[in-house]
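Every number for a ligand or one of its atoms is a count from 1 in the order of the listing. Note that the numbering runs from 1 along the sequence shown for the chain.
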Amino acid sequence: MTRYIFVTGGVVSSLGKGIAAASIGRMLKSRGFSVSVLKLDPYLNVDPGTMSPYQHGEVFVTIDGSETDLDLGHYERFIDVELTSLSNVTAGQIYTEIIGKERSGIYLGGTIQIIPHVTDAIKGHIKALAEQSGADVILVEVGGTVGDIEGQPFLEAIRQVRSDVGRDNTFYIHVTLLPFLGSTKELKTKPTQHSVQALRSMGIHPDAIIGRADHEVEQDVKDKIARFCDVRPENVFGLPTLDSVYKVPLYLEEQGVGETVSEALRLPKNEPNLAYWKHIAEIEDEDEDPLRIAVVGKYVELHDSYLSVAEALRHAGFHHGRKVEIEWISSEEIQESGPDRLLANAAGILVPGGFGHRGVEGMIAAATYARENRIPYLGLCLGMQVMVIEYARNVLGLPEANSLELDADSPDPVINIMEGQEGLVDTGGTMRLGQYPCLLRESTRAREAYGVELVQERHRHRYEYNNDYRIRLEEAGLVASGVAPDDSLVEITEVFDHPFMLGSQFHPEFASRPENAHPLFREFVRAACETPREGEQYELPASEKAGESGSNEFGLRSLVSAEE
Ligand code: GLN
């Protein structure tokens, strides 16, 4: 029998509801239960693929190529699952589906209504995930905040699930904000009371409340919430803002959330194993000399646009026992004032993905700086394209080399538009998306890092390396170390004579896990750890060797051996 946990949000958005839900998923997974996740997004866009990073942060790409909410990234990382298009449903998708059926006459002349047609469609998606994943527990997070007009059909749908599958198989958690009033120095519960009232008016009586706050939530505050919201006192939890998201599962576990949820759902009483999570929390606390990595992009003031990149860097840090501190550097600023001052402190330079020409010259300057100063460089998607342009301009001597995306008239388009992408009018869901195989050439850094010959990686792009320049670039020292199995596309390039300068056309960041850093991030950070700094050299633990696979001391399998 599948169990369902529903997570709703109250008072304000951006509460970290996704992190709280992902942490609950981790607590259950650590007890040996299988968990899958569904994020319901009540907005009318079909997917976030066409939304501005300012609106939505990162677009997370699943293995099957759907462009989804960034919370799916938290879920994959915290629970260590691979999700698919079944795990993110928007109102745009539901309405497109229903209107399509109406136009083709499937409803036989009936009136189409929110209840039952829209709610049934939403429940259909929940059921489909339960059936296809076969998971013990399905976590369903409703995006937005209780009270949003577009959220109502979603709340009604999750309300109905309780009568469909039974009280014992469902658990409703409401995550709200407890604001702190500076004048009286107290956390206020009234907004939570109102939010729960609104939820109850929709027929959902929460089983537990998690109060988010910038301070510790004391017992008297919890008692008050319990009394006013009619929730058992032991089911009211506080979650203060912690300095690392990886501490949230431990914090909530200590509060008893895992036990409460498993008991309510009548799951076997298994002990959770969170040893690795304790270990990484210690790394985050103890390293007084963090490793500085510069991330050079155009949306750096908005860290959420590069969320998976930042997390993958931290995972690589965990692997090497180092805390990674990211210096967010605006590529436009490099364009204006040059790279020397801005990149002087960086042990490694990462250029992430992006679209459009703004700031790209600054990224190219960062790549030149990394190559000339032998600073480890990792380029992801656009960051790989930038690396190729830089090499063509400054090593091959083609000063006008560029990507056709950035200069349609470049005489040397070393990055050109992919076959089939030319002249596409629709922008939604039309890029090269999802997982594709990549063959790794022997005796390259990429091959050494992965330790296997064939890997699958996730893509999201329209442009690609231009094979017309391949022989010349390779002869000049830019090696095509990863290619599509039929050799038609270059997927990884690396500078032969450099401590670590590698770019991938795909996005390895989506596959990285805290327990299992992605091999390319792991080796990039290893090289950064080894970058000599003024007067000192950081020494790696002797046990760590390049390309290492198998289990680590926590018995966790490595990404590489999992693919074998
Ligand atoms: N804009 C580039 C392309 O479409 C890179 C995309 C990306 O970085 N995700 O190919």
* For the pair Arg470 and Glu464, find out whether any cationic side-chain nitrogen is under 4.0 Å from an anionic carboxylate oxygen. => no
* So which bit of Gln385 gets within less than 4.0 Å of ligand 1, heavy atoms only: side chain, backbone, both or neither? -> side chain
* Mind checking whether Met431 contacts ligand 1 via backbone (N, CA, C, O), side chain (CB onward), both or neither, at a 4.0 Å heavy-atom cut-off? => neither
* Asked: Just distances here: any N/O of Leu382 and N/O of ligand 1 closer than 3.5 Å?
  -> yes
* Structure fact -> side chain to side chain donor-acceptor pair (under 3.5 Å) with Gln505: of Arg432, Gln385, Arg460, Glu457, only one passes, and it is Gln385
* To do: Looking only at protein heavy atoms, identify the closest one to atom 10 (O) of ligand 1 and say how far it is in Å.
  => Tyr463 N, 2.8 Å
* More than 12 non-hydrogen atoms from neighbouring residues, nucleotides or ligands closer than 6.0 Å to CD on Glu442, yes or no? -> no
* To do: Classify the ring geometry between His315 and Tyr246 as parallel (under 30°), tilted (30 to 60°) or perpendicular (over 60°).
  => perpendicular
* Can Glu448 and Arg445 be counted as an ion pair, charged N to O under 4.0 angstrom? -> no
* Identify the protein heavy atom lying closest to atom 1 (N) of ligand 1, giving its residue, its atom name and the separation to 0.1 Å. => Glu405 OE1, 2.7 Å
* Can any side-chain N or O of His507 pair as donor or acceptor with the backbone N or O of Glu509 at less than 3.5 Å? -> no
* Under 3.5 Å between some N or O of ligand 1 and some N or O of Gln505? -> no
* Between Gly354 and ligand 1, does any nitrogen or oxygen pair lie at a separation below 3.5 Å? -> yes
* Where's the contact between His461 and ligand 1, heavy-atom distance under 4.0 Å: side chain, backbone, both or neither? -> both
